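Before any comments, here is the structure.
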Amino acid sequence: MAPFKLDNILIIYPKSENTLVQFGLNDETFTVPEFEIPTKIYKSIDDENKYYSSKEYRTLEVFPIRNGSIVNLPAFLQFLKVVYGSVLSKARDDIKAAMASETYIGNAPDLTNIPVMIVSQNSWSNLEQETITQFCFEHLKMNNFLFVQSSLATTYALISQPHSIIIDIGANHTDVIPIIDYMALNHVSSKMKFGGNHINETLKRLLPDFDDETIEILKKSNIFEVVNDDMKKLHNIGILGGSKENDEDEGSLNVVDIVTSGRDTREVLAEREKMKHEKHKNVANTDLEFNTFWDKDGKEITVGKQRFQGCDDLIIKISEMVGFVMENVQDQTKVRSAWDNIIITGATSSIEGFKEGLLAQLIKDHLVIEPEEEKNKREQDVLDSLPAYKRNRSKFMDSSFVPTMEYTQVPSVIKLAKYPEYFPNWKKHGYSEIPFLGAQIVAKQVFTHSRDILYITREKYEESGPSCIWDIEF
Amino acid sequence: MSYEKNSIVINIGSYSTIVGFSNTELPSCVLPSSYMRKKSNNDEYIFDKYEMLQVASPRHHELNSEDYDVFTLVDNNGLPYNWEGIMKQWEYIFQEKLKCLTEEYPLVIVIPMISKTTQLRIIMEKYMELAFDKFNFPIIQFIIEPLATTLSMGKKNALIIDIGFNGCKITPVYDGIIIKNGITKNKFGGSFLDYVVNNFIEKKLDDDDVEMGNDSDESIKTWWNSNTWIQDFKHSMLQVCDKDLGELERYYQEQETMYLKQQEQMKQLGGTGIVTGAVPAFNSNIINMTNNPLTQDKNYLYKPSARTIKLNQKEILNLTEYLFKPQLISAKFNKDEGLSEIISKSIKKTAATLSSNNNSTKDSESGINENETATTNSNSNMIRTVGASVIIPPKINRSNKSDNIDNNNNKSKFLDDPNLNHSMNENGSNTTTRTPELIYSSLLTNVIITGSTSLILGMEQRIIQELSIRFPQYKLITFANQYMMDRSLQNWLSGVTMSNLPTWELGRWYSRGEWTVAQSSLT
């Protein structure tokens with residue numbers, strides 16, 4: 001079969017709260033998802049099998065996905081139908097409008113052959129995935145279809161090594177999934193019962209006078225950050241990239257950024273000047289004892305250092321879990337390189353300092369290096385053994401004359417994976433929805449490939465039924 | 001005729017329970033073969049390994065380890081005994097993990113080799129009760145681990161060395177049949193190593209005056225240790241010496257004395273002033289060459305109290321040496337129980353069994369099984385199989401009645417197996433010439449090494465070395481899956497392969513109908 005046109009590819013990424021949808025991929029670059037719609041549907045109270053896309057008389061609101069898992073499969077299928085139907089009708093209207101205008105040239109796009117990719121979660125059971133496949137082929141009459149698991153999509157977005165650790169933080173759950181040899185090891189991955197909402201609980205303990213709404217506003221405000229002593233220590237020794245502010249940005253000019261951003265160069269330069277100016281005027285949030293934010297009524301509220309501590313407990317819990325999970329992967333060389341490639345996704349990860357804070361905790365909990373106490377003692381011993389005249393001089397030398405301790409255990413390095421720089425739209429948008437970028441990359445590769453080996457075609461479906469999805473291990 | 005079937009495959013191993021569908025390459029979930037239960041509320045269970053770890057963690061959590069007890073599903077021989085626990089675990093698996101309707105899937109249970117037929121029958125019946133009465137599975141098949149491993153690798157002869165959590169088990173398979181007389185085992189496996197490592201590190205820390213771990217409940221503490229830092233130690237530090245450690249030590253000692261002697265001679269020569277100048281360089285060379293690799297230090301970071309522990313190579317190799325020479329750790333262990341001893345015993349016993357059968361009953365058509373039972377004098381004492389799947393053994397009355405009478409007495413339908421004669425004839429048909437040499441060589445060229453504990457660095461080389469000393473005139477070929485994950489899942493993966501055979505007739509399936517008929521006829 002001939003490869004598909006990029007314009008026709010449909011990607012759906014259903015999450016607990018919202019579903020990201022995009023119809024048609026851009027030729028040159030990957031853009032952020034076109035639509036974000038709430039993952040909910042309305043079910044008729046009187047008729048079990050009747051669903052509506054919007055609130056009607058005597059309907060119940062149903063959320064088919066909770067904590068990443070499908071909790072109501074029939075409702076989810078109806079939701080998919082609504083999404084697919086709306087995309088198709090919108091596309092048809094667009095075409096009509098375009099054809100009507102006089103400037104339209106070229107052929108009408110074909111709406112009968114739309115390849116669909118659904119980004120799945122590791123907690124979706126085999127049966128659920130088979131049922132969705134069946135629904136797509138038999139009910140929605142799709143002809144070409146593919147699931148890609150969000151954790152795998154994430155690694156494709158980062159064009160990373162075969163081994164990595166995915167930490168996906170949702171509202172009420174956190175998934176820790178090891179990827180080894182490009183395979184998501186779902187059977188050793190963990191689903192924790194804590195997520196972004198755990199931050200609210202912590203904050204409520206720290207700030208008992210605040211109500212739930214104010215806490216949510218504080219969490220989403222720009223003065224809410226993760227700052228702790230471990231991070232400061234790592235900043236000092238350069239693991240977290242020098243001192244906190246992006247010094248390099250100030251001096252040097254990233255020409256590539258300006259060119260790819262597609263904006264007027266003068267405008268960008270003017271903005272830089274302005275930012276520099278403001279920076280000198282304002283003291284950084286982290287240097288302030290107190291800072292303020294506005295609640296929903298526009299009232300100014302002052303908050304102390306608690307605004308840096310809201311994530312601490314969650315971070316500690318996640319870090320411990322990552323350790324548990326990675327101990328269950330046997331191959332030490334692969335585990336070693338997975339620790340080199342930690343990917344943190346989910347909305348919570350976009351909190352200022354969160355990733356760095358989690359990295360600092362992971363390093364503190366799991367990095368195999370000589371304990372500080374022992375190292376100091378060893379240095380002292382070396383110093384003591386030196387003759388007196390050398391001792392004074394040694395004080396001014398750095399401690400590198402003491403050989404470093406070598407361990408065979410892993411991990412000896414813990415690093416975050418490097419995020420792609422070459423998708424300007426995504427760079428601006430942030431990377432908390434990075435599985436979607438991965439899905440775009442995979443969809444482009446798979447559906448424009450000259451052979452139809454990596455997705456389910458109608459023929460394959462007719463031949464072996466819904467379980468054919470397991471023959472295509474992506 | 002070919003069927004499209006997708007079964008649920010379960011393997012309750014001695015360490016972990018692996019469950020998944022037969023149409024996928026990886027299992028859906030891997031749980032410990034143990035669980036936690038709340039002391040105050042007997043209905044609150046934890047099966048997820050990570051939740052259990054959170055409970056056991058000395059870190060402050062909402063969950064407190066003192067409120068829980070740890071239970072196992074299998075006994076020290078790796079056989080299931082805690083049926084209540086297994087039922088609860090399965091409930092959890094089908095509802096939370098697989099999320100499927102059990103009445104829609106065939107069930108395949110991968111079980112270890114059970115030599116005692118009465119025991120095998122009891123376990124199979126227990127499983128059927130659970131699968132048919134509780135979970136409404138339509139049909140069920142039992143697959144024997146070593147046979148599945150052999151057949152799924154396309155072999156009919158093999159010597160399976162399974163080094164698991166509860167010990168090592170050597171199972172010879174010849175012409176697609178397990179030679180029961182040749183099975184040997186010991187109790188020195190992963191769990192034993194946990195104990196050895198724990199004692200060793202405890203002693204090391206004692207020397208440094210450091211307190212060990214937390215004070216929580218003993219069973220939970222042991223469980224926690226073996227699933228955290230001991231596991232880390234096993235993965236990253238443990239190594240098996242490629243030859244007998246004692247011999248290696250003697251070799252290095254001899255080298256050392258030899259070089260020391262040479263050095264002395266050189267000194268004397270130097271003293272006479274003949275080779276001045278060249279001596280210092282030569283001396284430093286000697287020091288390098290006598291540097292015994294066994295005395296080289298390695299560092300281990302003991303995370304619970306953030307201490308570096310220094311171990312030398314000899315100490316590390318010594319820990320796994322106990323697998324081969326258990327007598328070294330305590331006099332109460334017999335040296336015959338060492339891994340290499342039980343391997344060679346298995347080979348010799350297999351050869352003896354098969355060749356004696358050969359001589360005594362040339363006229364027998366049905367081969368080893370029948371012959372073997374001839375020696376044990378009871379037809380019911382053999383494991384009958386179709387491919388890798390087991391046929392339920394007949395129930396034995398206390399009086400030594402023959403099978404047929406027994407059968408009639410119990411009216412158990414499971415005994416009348418139409419497949420039986422057919423399969424045995426097929427299996428035993430090409431058994432005309434079986435010299436011990438032939439048996440030795442077909443086993444030794446098909447040595448399969450499996451089990452999670454076999455993943456320790458150097459294990460395969462050592463087994464080769466030990467076998468080549470004991471059977472120097474034979475060619476040796478070993479098979480050990482180089483993908484570590486696949487090797488730890490091997491029993492399950494073999495079960496998947498065997499349940500995906502092209503026709504149903506290649507395995508023995510039991511239906512719920514058969515089960516209910518047999519049950520009702522009993523009552």
Side-chain angles (χ1 to χ4, degrees), chain A residues 69-70 73 123-128 130 176 180-181 183-193 313 316-317 320-321 323-336 365-375 378 405-410 463-465 467-471 473, chain B residues 4-6 16 18-31 48-54 57 59-62 96-101 104-105 227-229 231-237 239 297-303 305-308 310 452 455 457 483-485 487-489:
Chain A
S69 304
I70 298 175
L73 187 58
S123 53
W124 294 10
S125 78
N126 291 27
L127 184 66
E128 283 162 354
E130 285 172 20
V176 179
I180 299 291
D181 291 323
M183 263 197 297
L185 302 188
N186 292 331
H187 62 282
V188 288
S189 65
S190 134
K191 191 174 206 66
M192 276 173 76
K193 289 169 185 156
D313 195 47
I316 287 172
K317 285 195 161 79
E320 184 182 44
M321 188 54 75
F324 290 158
V325 170
M326 294 316 287
E327 257 164 25
N328 278 288
V329 187
Q330 267 131 347
D331 200 317
Q332 296 292 290
T333 42
K334 291 173 183 172
V335 172
R336 189 186 294 271
D365 289 349
H366 308 296
L367 188 69
V368 179
I369 47 162
E370 186 176 17
E372 211 152 307
E373 215 177 290
E374 287 177 18
K375 191 174 181 192
R378 216 153 51 93
M405 282 284 241
E406 301 272 351
Y407 297 88
T408 43
Q409 284 151 285
V410 292
E463 200 179 300
S464 42
S467 68
C468 63
I469 50 174
W470 309 116
D471 301 334
E473 290 274 351
Chain B
E4 274 296 330
K5 61 172 185 289
N6 176 21
S16 48
I18 309 170
V19 189
F21 294 99
S22 65
N23 61 358
T24 51
E25 286 171 6
L26 287 176
S28 299
C29 72
V30 176
L31 302 172
D48 183 85
K49 183 168 185 181
Y50 302 124
E51 279 177 44
M52 287 170 74
L53 281 165
Q54 279 180 325
S57 165
R59 250 183 181 152
H60 289 289
H61 280 290
E62 293 75 8
E96 301 291 323
K97 295 288 174 177
L98 303 192
K99 295 183 196 160
C100 64
L101 293 172
E104 288 175 4
Y105 293 87
N227 279 284
T228 51
W229 68 267
Q231 195 166 337
D232 181 31
F233 188 94
K234 282 159 95 178
H235 285 168
S236 60
M237 302 297 286
Q239 216 179 322
D297 275 338
K298 273 190 177 175
N299 297 317
Y300 170 68
L301 183 69
Y302 175 68
K303 284 182 184 168
S305 54
R307 301 282 300 207
T308 306
K310 271 200 186 323
S452 295
L455 291 168
L457 203 68
Y483 284 99
M484 292 193 166
M485 189 181 67
R487 211 193 301 178
S488 60
L489 299 175

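Quantities reported herein were computed from a predicted structural model and do not represent experimental measurements.
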Side-chain donor/acceptor of B:K49 to backbone N/O of A:F324, under 3.5 Å: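 It does not hold such a pair.
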Set of residues satisfying side chain to side chain donor-acceptor pair (under 3.5 Å) with respect to A:Y407, sequence neighbours excluded: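 Expected list: B:T308.
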Side chain, backbone, both or neither: which part of [X] has a non-hydrogen atom closer than 4.5 Å to chain B?
X      : value
A:D181 : side chain
A:E128 : side chain
A:E374 : side chain
A:K334 : side chain
A:I180 : neither

Stepwise side-chain contact (heavy atoms from CB on, under 4.5 Å) test for B:Y50 and A:V176: CA-CA 11 Å; B:Y50 302 124; A:V176 179; over 6 Å; no
List the atom of [X], the atom of [Y], and the distance in Å for their closest heavy-atom pair.
X      : Y      : answer
B:D232 : A:Q409 : OD2-NE2, 3.1 Å
B:A306 : A:P371 : O-CG, 3.2 Å
A:M321 : B:Q54  : CE-NE2, 3.5 Å
A:L367 : B:L301 : O-CD2, 4.4 Å

Option that, when pairs with chain B are counted at under 4.5 Å, heavy atom only, ranks first among A:N328, A:V368, A:V188: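 Among the listed options, the one with the most contacts to chain B is A:N328.
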Heavy-atom pairs under 4.5 Å with chain B, option from A:V329, A:N186, A:I316, A:V410 with the top count: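 Answer, by heavy-atom pair count under 4.5 Å with chain B: A:I316.
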When [options] are compared by non-hydrogen pairs under 4.5 Å with chain A, the top option:
options                      : value
B:L489, B:L98, B:L101, B:V30 : B:V30
B:C100, B:S236, B:S28        : B:S236
B:V19, B:T228, B:L31, B:N299 : B:N299

Pairwise distance NZ(B:K99) to CG(A:L127) - rounded to 0.5 angstrom: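 Spacing of NZ (B:K99) from CG (A:L127) equals 10.5 Å.
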Intermediate values then yes/no, side-chain contact (heavy atoms from CB on, under 4.5 Å), B:N23 and A:S467: CA-CA 8 Å; B:N23 61 358; A:S467 68; 3.7 Å; yes
Given that the side chain runs from C-beta out, which part of [X] has a heavy atom under 4.5 Å from chain A: side chain, backbone, both or neither?
X      : answer
B:K303 : side chain
B:Y483 : side chain
B:E51  : side chain

Heavy-atom check, side chain of A:Q332 versus side chain of B:L457, under 4.5 Å: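 A:Q332 vs B:L457: side chains apart.
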Stepwise side-chain contact (heavy atoms from CB on, under 4.5 Å) check, B:M485 with A:H187: CA-CA 11 Å; B:M485 189 181 67; A:H187 62 282; 3.9 Å; yes
Derivation and outcome, side-chain contact (heavy atoms from CB on, under 4.5 Å), residues B:R487 and A:Q330: CA-CA 10 Å; B:R487 211 193 301 178; A:Q330 267 131 347; over 6 Å; no
Residues which pass side chain to side chain contact (heavy atoms under 4.5 Å, CB included) with B:K97, listed by chain and number, not counting sequence neighbours: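 Partners of B:K97 under the side chain to side chain contact (heavy atoms under 4.5 Å, CB included) test: B:C29, B:D48, B:Y92.
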